Amino acid sequence: MQSIVKLIMAGIAVIIALAAGYWWGNTQSQTSAGVALSAATSAEKKILYYRNPMGLPDTSPVPKKDSMGMDYLPVYEGEEPSSDQTAVTISTEKVQKLGVRTEAAALRELMRTVRAVATVQPDERQLYTLTPKFEGWIQRLYVNTTGQVVKKGDALMDIYSPELITAQHEYLIARKGVHHGAADVGLEAQAGMKRLAEGALQRLRNWDISEIELQRLQREGEVRQYITLRSKADGLVLEKPSIEGKRFMPGEVLYQIADLSNVWILADVFEQDIGMVHPGQVVTIRVDAYPDKVFNGEVAFIYPMVTPETRTAIVRIKLPNPDGLLKPAMYARVEFASFHSKDKVLTVPDSAVLDTGIRQVVLVDLGAGRFEPRTVKLGMHADGYVEVLGGLRVGEKVVVKANFLIDAESNFKSALSGFGPNTHDAIAHERETGPGSQAEKSSRMTHRGEGTIKAMDFAHATVTLAHGPIASLQWPAMLMDFRVADPALLQSLKPGQKIIFEIIEESAGEFVIVHIQPSSASSAASDHGGH
């Protein structure tokens, strides 16, 4: 009996061993086959391009890093996003009715023309004012009209002044003592008389008496009752308050003379255009008085102040005026031509851009009535075109006319897509699980982060956060702007506060805050400050 039992137990053990061996062998073969299949699949996959890690519309054929040091992510064959998912399809007949017009994005030399109004002014460095340093009376005027042209050394007026007569007498007496008293007086007295004569002449020079008059005094040796004042510069008489018989006092303006062979053009440039103007820049100038003439000047100086009333800064332009055509206080129109860079840049017409206030979008024509909304990064605007820094490639066609109608058409279709065959049921379902409901938000992946509020814009419902790393998105710590889904979330917050927030990806590359609250550390500090 015992031998039979042993025999049965041995048989059972053999069966169990055989079953275990079969199971182990089968498992190993399946694992090896899976590994081989996975390796073969990885080997067959081909990297098409590398995409921006932040979801921006920027790709690269080779690995690279973005401005924050993050690696671009590879996109394998078969994993590329389908453009049909976001494309708007409109029938060819409707495209014709809407009058849709497209233009290809192209490379251009982007030149911006800044226009401004200006006035002609005399060159301040070539202004001369006749102001006597003594009291006197005007006996005779040689230049007696405003606008009269004078040359350096021309006689302006004859004047009478007791101080000038006294100075002439002193000179002549001292000179006579030097020449006729040499035998009667000693050397020391003679030297004193000589110094007195030189001092009298120097006093006349200090009073701006011309060398012509001083030489006459030395040559003739006679006191003149009327002394002639002469011009010290070439130019045009701008002001002449002098009249014959008038008494004048020291420092009073008798003539203002300006040399107009070179003039200044003072242009009022709006502050948003100041960055396009620089010293040495060539300027085109036109005046109403000579519509057939074009003058070319050069920017000499940009004044450091902005006029608060007009929000303009004054730009000084120097301009030769050899023929005297340009006169002070004339109005002029100036044009500053400024090139963005020496190289051509990718541009599209201004009319192609749809600005949502947060991002800029263009509609790319995919053909056959299909249009793809594409977020783009823009640069400088100039003469009807705008520079495209990212999101488009050369040759891609964008809608430049009727793009607003296409955008409205796509929004209308998007609104109707929420209604099913049963309208009433669809409306009820929309109320419970509509696009703005918590059910839809919960279906999207939520990413959590912590940071500090740097700035808040209640008008646009945006907040600037300095946040720490977000592991679920593989984001490093950085400073970013976010739009808030519900503006009411910002009411209890303030800049400098530490917060905890949750974001979802509302569209490609655009993350929106759906929840934000002060962190426990910030709340504790606030409570402590309240106590």
Side-chain angles (χ1 to χ4, degrees), residues 121-179 189-264 316 324 327-329:
Q121 299 294 337
D123 187 337
E124 293 177 359
R125 298 166 299 182
Q126 295 179 316
L127 286 176
Y128 167 68
T129 302
L130 177 62
T131 54
K133 301 173 183 176
F134 48 85
E135 179 184 358
W137 286 260
I138 299 174
Q139 176 65 23
R140 179 183 177 186
L141 288 177
Y142 295 101
V143 176
N144 52 13
T145 58
T146 302
Q148 189 170 341
V149 177
V150 297
K151 297 292 183 181
K152 184 176 181 180
D154 285 355
L156 299 176
M157 64 173 68
D158 287 342
I159 61 169
Y160 167 78
S161 173
E163 294 177 82
L164 295 182
I165 294 177
T166 301
Q168 292 180 80
H169 275 296
E170 289 180 357
Y171 169 73
L172 293 177
I173 292 172
R175 190 180 72 165
K176 185 180 294 185
V178 171
H179 293 293
Q190 188 178 3
M193 297 297 289
K194 188 175 182 180
R195 287 195 298 270
L196 182 61
E198 291 175 354
L201 280 180
Q202 186 59 44
R203 186 158 63 253
L204 291 171
R205 288 192 183 96
N206 293 341
W207 284 338
D208 295 329
I209 304 303
S210 66
E211 289 295 328
I212 296 176
E213 299 300 317
L214 297 181
Q215 290 173 6
R216 182 205 56 78
L217 175 63
Q218 292 173 316
R219 183 177 63 254
E220 296 179 358
E222 294 181 359
V223 175
R224 280 203 173 186
Q225 186 175 6
Y226 303 110
I227 298 293
T228 302
L229 296 184
R230 300 178 181 274
S231 175
K232 285 192 171 183
D234 299 337
L236 188 76
V237 176
L238 298 182
E239 295 182 13
K240 186 202 72 68
S242 304
I243 55 176
E244 289 186 0
K246 177 182 177 180
R247 178 190 180 188
F248 57 83
M249 300 300 291
E252 186 175 348
V253 176
L254 300 182
Y255 285 99
Q256 187 175 38
I257 300 171
D259 183 358
L260 299 181
S261 59
N262 290 282
V263 295
W264 285 354
R316 184 202 301 162
K327 297 171 175 53

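If you're wondering where the values come from, they're calculated on a predicted model, not measured in any experiment. Residue numbers run from 1 in the order of the sequence given.
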**Q** Indicate whether any N or O donor in one side chain lies under 3.5 Å from an N or O acceptor in the other, for Asp158 and Thr228.
**A**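 There is such a pair between these side chains.
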
**Q** A side-chain contact here means heavy atoms from C-beta on lying under 4.5 Å apart; do Tyr142 and Leu156 qualify?
**A**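 Counting from C-beta outward, Tyr142 and Leu156 never come under 4.5 Å.
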
**Q** Look at Glu222 together with Arg216 and state whether they make a salt bridge at an N to O cut-off of under 4.0 Å.
**A**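 No, no charged N to carboxylate O under 4.0 Å.
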
**Q** Considering all heavy atoms of both residues, which atom of Leu236 and which atom of Gly147 are nearest to each other, and what is their separation?
**A**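 Here Leu236 and Gly147 meet closest at CD1-O, 2.8 Å.
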
**Q** If you measure from CD on Glu239 to CG on Leu254, what distance do you get to the nearest 0.5 Å?
**A**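 CG of Leu254 is found 11.5 Å from CD of Glu239.
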
**Q** Hey, are the side chains of Trp264 and Arg125 touching, using non-hydrogen atoms and a 4.5 Å cut-off?
**A**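 In short, these two side chains touch, coming nearer than 4.5 Å.
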
**Q** Got a second to check how far Arg224's CZ is from Leu217's CG, nearest 0.5 Å?
**A**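 Atom-to-atom, Arg224:CZ and Leu217:CG are 9.5 Å apart.
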
**Q** For the side chain of Lys246 and the backbone of Trp137, is there at least one donor-acceptor N/O pair under 3.5 Å apart?
**A**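 Looks like no, no N/O pair under 3.5 Å.
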
**Q** Checking Thr129 side chain against Gln256 main chain: does a donor-acceptor pair fall under 3.5 Å?
**A**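 No: the side chain of Thr129 does not pair with the backbone of Gln256.
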
**Q** So which heavy atom on Ala200 is nearest to which on Ala167, and how close?
**A**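 Scanning both residues completely, I find the closest heavy atoms to be CB-O, 3.8 Å.
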
**Q** Among pairs that include at least one residue of residues 159-170, which meet side chain to side chain donor-acceptor pair (under 3.5 Å), considering only residues two or more places apart or in two chains?
**A**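 Qualifying pairs, neighbours excluded: Glu170-Arg203.
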
**Q** Is any side-chain heavy atom of Arg205 closer than 4.5 Å to a side-chain heavy atom of Glu211?
**A**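 Yes - at least one pair of side-chain heavy atoms lies under 4.5 Å apart.
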
**Q** Side chain to side chain contact (heavy atoms under 4.5 Å, CB included) between Glu244 and Met157: does it pass, once the steps are laid out?
**A** CA-CA 9 Å; Glu244 289 186 0; Met157 64 173 68; over 6 Å; no

**Q** Roughly how far, to the nearest 0.5 Å, is CD1 of Ile257 from CG of Leu130?
**A**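 Answer rounded to 0.5 Å: 7.0 Å.
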
**Q** Any side-chain heavy atom of Ile159 sitting closer than 4.5 Å to one from Gln139?
**A**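 The answer is no; the side chains never approach within 4.5 Å.
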
**Q** Run the salt bridge (Lys or Arg N to Asp or Glu O under 4.0 Å) test on Arg316 and Glu124 for me, step by step, so that the C-alpha distance in whole Å, both residues' side-chain angles and the decisive distance to 0.1 Å come before the verdict.
**A** CA-CA 11 Å; Arg316 184 202 301 162; Glu124 293 177 359; 5.4 Å; no

**Q** Measure the shortest side-chain to side-chain distance between Thr145 and Val237 over non-hydrogen atoms and say whether it is less than 4.5 angstrom.
**A**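 Thr145 vs Val237: side chains apart.
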
**Q** Whether the side chain of Glu252 engages the backbone of Met249 through a donor-acceptor N/O pair (distance < 3.5 Å, no angle test) should be reported.
**A**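 Side chain of Glu252 to backbone of Met249: a pair is present.
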
**Q** Nearest 0.5 Å, what's the CG-CG distance between Asp154 and Leu229?
**A**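 Atom-to-atom, Asp154:CG and Leu229:CG are 13.5 Å apart.
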
**Q** Roughly how far, to the nearest 0.5 Å, is the CD atom of Gln121 from the CG atom of Leu127?
**A**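 If we round to the nearest 0.5 Å, Leu127:CG and Gln121:CD are 10.0 Å apart.
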
**Q** To the nearest 0.5 Å, tell me how far Leu238 CG sits from Thr146 OG1.
**A**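 Here the interatomic distance stands at 8.5 Å.
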
**Q** Just do the side chain to side chain contact (heavy atoms under 4.5 Å, CB included) check on Lys152 and Arg230 with the steps written out, would you?
**A** CA-CA 8 Å; Lys152 184 176 181 180; Arg230 300 178 181 274; over 6 Å; no

**Q** Between Glu198 and Arg195 (salt bridge meaning N to carboxylate O under 4.0 Å), is one present in this structure?
**A**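 The answer is no: the pair does not qualify as a salt bridge.
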
**Q** With side chain to side chain contact (heavy atoms under 4.5 Å, CB included) as the test, would you mind laying out the steps for Arg247 and Ile138 before giving the verdict?
**A** CA-CA 6 Å; Arg247 178 190 180 188; Ile138 299 174; over 6 Å; no

**Q** Is Lys232 salt-bridged to Asp208, cutoff N-O under 4.0 Å?
**A**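 A salt bridge is present here (some side-chain N lies under 4.0 Å from a carboxylate O).
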
**Q** Would a distance-only check, ignoring hydrogens and angles, find a side-chain to backbone donor-acceptor pair under 3.5 Å from Lys327 to Gly324?
**A**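 Flag set: sc Lys327 to bb Gly324 pair under 3.5 Å.
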
**Q** Asp123 versus Asp259: any side-chain heavy-atom pair under 4.5 Å?
**A**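 When only atoms from C-beta onward are counted, Asp259 and Asp123 do not touch, as no gap falls below 4.5 Å.
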
**Q** Indicate the atoms forming the closest heavy-atom contact of Lys240 with Leu141, along with that distance.
**A**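 Between these two residues, the closest heavy atoms are NZ-CD1, 4.2 Å.
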
**Q** Do Leu214 and Leu201 have side chains that approach each other closer than 4.5 Å (heavy atoms only, starting at C-beta)?
**A**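 Sidechains of Leu201 and Leu214: in contact.
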
**Q** Determine whether a donor-acceptor pair (N or O, by modelled atom type, separation under 3.5 Å) exists between the side chain of Tyr128 and the backbone of Ser231.
**A**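 No; zero donor-acceptor contacts below 3.5 Å.
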
